[in-house]
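No hydrogens, no waters, no symmetry mates; every other heavy atom, side chains included, goes into these values.
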Amino acid sequence: GKYEYGRSILEELKNLGVDTTRIIVDETLPTTRCYINVESGESKVVNLEYLNRLYIFRDEDRKYLKLAKSIMIGPRLPIFEQYAIFAKQHNITTYVTLHMSLLDKKIISILKETKPKTIFGNQSEASNLENIVNSNTTVVVTKGSSGATVITTEGPNNFPSFKVNPIDPTGAGDSFAAGYIYGDIKKWNLEKKMKFANALGALATQQVGARSNLYSLQEVEEFIKKF
């Protein structure tokens, strides 16, 4: 969008080495703003302004996506189905986050058809996904301070959280998913992968905002050693 806030986010991502060439900047639109209320370590989205969503899956997007080994997408994206089907057709490993998504029959049908490798959701978001678990798809349920549960064809497996005093849990779920995916790409075993994911989730609660501090691999490993 046209606001300075959006441009500052782009500069921040570039400085971190993130490829921003595929981010669409439309100066005719305002940058989306999200207002979150944080109280006693709990957060709640109270308002979303100027929510701009991507509705077009262009040819240049398809060419770029073919280069990916894995992607993370969510049903909130209006073209979620196109992305999911495209990824399956081109053997791209897919991770799905259910963050703030309504799981209707169509979304569940798409998940069954495209068979993402892992689906992430909190207890309410993932409550209806037991019948989607198969040899191709694992469901990971985050439970805040109670840790997380990995559901496979062999059943549920619980993993404890790191006990910290949360300041703001905004972004903790996405941080957890990022840690899990990193471990997955590194081919770590489930226990190591979940410990790393839970550590990132815990660290994300230690400051206000979703991007106030981005931790290095060394910082995460040092945090784990303390417990």
Next item on the list: Is it possible for you to say whether V140 and W188 belong to one hydrophobic cluster, with membership spreading through side-chain heavy-atom contacts below 4.5 Å?
Entry: no
Check: Is K226 atom NZ crowded by more than 12 heavy atoms from other residues, nucleotides or ligands, each under 6.0 Å away?
Finding: no
Next item on the list: List for me each residue that meets side chain to side chain contact (heavy atoms under 4.5 Å, CB included) alongside T28, sequence neighbours excluded, and say none if there are none.
Entry: D26
Note to self: Test side-chain contact (heavy atoms from CB on, under 4.5 Å) on F159 and L190; report intermediate values, then the result.
What the structure shows: CA-CA 10 Å; F159 294 87; L190 183 58; 3.7 Å; yes
Next item on the list: Taking the side chain as every heavy atom from C-beta outward, state whether L203 and V220 have any atom pair closer than 4.5 Å.
Entry: yes
Item checked: Transitive ILVMFWY side-chain link L129 to V150, under 4.5 Å -> no
Next item on the list: Find out whether R62 and H90 are in side-chain contact, i.e. whether some heavy atom of one side chain is under 4.5 Å from a heavy atom of the other.
Entry: no
Margin query: Assigning hydrophobic clusters by single linkage (Ile, Leu, Val, Met, Phe, Trp, Tyr; side-chain heavy-atom cutoff under 4.5 Å), is L200 placed with F120?
Written below: no
Check: Hey, is CD on E27 packed in by over 12 heavy atoms from elsewhere, all under 6.0 Å?
Finding: yes
Next item on the list: Begin with the C-alpha distance, continue with both residues' side-chain angles, and end with the deciding distance and a verdict on side-chain contact (heavy atoms from CB on, under 4.5 Å) for T93 and Y95.
Entry: CA-CA 7 Å; T93 301; Y95 300 89; 3.7 Å; yes
Item checked: Nearest-0.5 Å distance that lies between atom CG in L16 and atom CG in L214 -> 5.5 Å
Notebook entry, point to check: Crowded around K88 NZ? As in, over 12 foreign heavy atoms under 6.0 Å?
Noted result: yes
Checklist line | Considering all heavy atoms, the nearest N198-A148 contact | finding: OD1-CB, 4.2 Å
Item checked: Minimal non-hydrogen separation, S145 against K163, with atom names -> O-NZ, 2.8 Å
Next item on the list: Take atom CD of E191 as the centre, draw a 6.0 Å sphere, and report whether it contains more than 12 heavy atoms from other residues, nucleotides or ligands.
Entry: no
Margin query: Keeping N134 on the side-chain end and I132 on the backbone end, is there a donor-acceptor pair under 3.5 Å?
Written below: yes
Item checked: Partners passing side-chain hydrogen bond (donor to acceptor under 3.5 Å, both in side chains) against K193 (at least two apart in sequence or in another chain) -> D184
Check: For the atom pair OG1 (T142) and CG (N122), what is the distance rounded to the nearest 0.5 Å?
Finding: 5.5 Å
Check: So, for L111 and P116, which heavy atoms are closest and what is the spacing to 0.1 Å?
Finding: O-CD, 3.4 Å
Margin query: So for atom CG, which belongs to N165, do other residues, nucleotides or ligands contribute more than 12 heavy atoms lying within a distance under 6.0 Å?
Written below: no
Item checked: side-chain contact (heavy atoms from CB on, under 4.5 Å) assessment of Y215 paired with F223 -> CA-CA 10 Å; Y215 295 93; F223 172 81; over 6 Å; no
Checklist line | Hphob cluster co-occupancy, I108 + F80, side-chain heavy atoms under 4.5 angstrom | finding: yes
Checklist line | Spacing of CG belonging to L67 relative to CG belonging to D19, to within rounding of 0.5 Å | finding: 10.0 Å
Note to self: When you measure from the side chain of T118 to the backbone of T138, do you find a donor-acceptor pair of N or O atoms at a distance under 3.5 Å?
What the structure shows: no
Checklist line | Pair T149, K143: side-chain N/O donor-acceptor within cut-off below 3.5 Å | finding: yes
Item checked: Those residues that, when tested against V133, pass side chain to side chain contact (heavy atoms under 4.5 Å, CB included) (two or more places apart) -> V139, I151, T153
Notebook entry, point to check: How far does OG1 of T114 sit from CD of Q89, to the nearest 0.5 angstrom?
Noted result: 11.0 Å
Item checked: ILVMFWY cluster, Y64 and I92 together (side-chain gap under 4.5 Å) -> no
Check: What's the spacing between Q207 CD and D168 CG if we round to 0.5 Å?
Finding: 8.0 Å
Next item on the list: Just jot down the side-chain hydrogen bond (donor to acceptor under 3.5 Å, both in side chains) partners of K115, sequence neighbours excluded, or say none.
Entry: none
Let me check something: any side-chain donor-acceptor pairs from residues 174-181 under 3.5 Å, sequence neighbours excluded? List them with distances.
residue	atom	partner	partner atom	Å
S175	OG	G171	O	2.9

Notebook entry, point to check: So E113 and I85, side-chain contact (heavy atoms from CB on, under 4.5 Å) or not? Walk me through it.
Noted result: CA-CA 8 Å; E113 177 186 354; I85 292 175; 4.3 Å; yes
Notebook entry, point to check: Hey, is the main chain of E219 close enough, under 3.5 Å, to the side chain of S216 for a donor-acceptor pair?
Noted result: yes
Notebook entry, point to check: Around atom CD of E4, are there more than 12 heavy atoms of other residues, nucleotides or ligands at under 6.0 Å?
Noted result: yes
Notebook entry, point to check: Among all residues two or more places apart in sequence or in another chain, which pass the salt bridge (Lys or Arg N to Asp or Glu O under 4.0 Å) test with K192?
Noted result: none
Checklist line | Lys/Arg N to Asp/Glu carboxylate O, E11 vs K14, below 4.0 Å | finding: yes
Item checked: Worked check of ring-ring contact (aromatic ring centres under 6.0 Å, His included) between F86 and F57 -> CA-CA 10 Å; F86 183 89; F57 191 21; 5.5 Å; yes
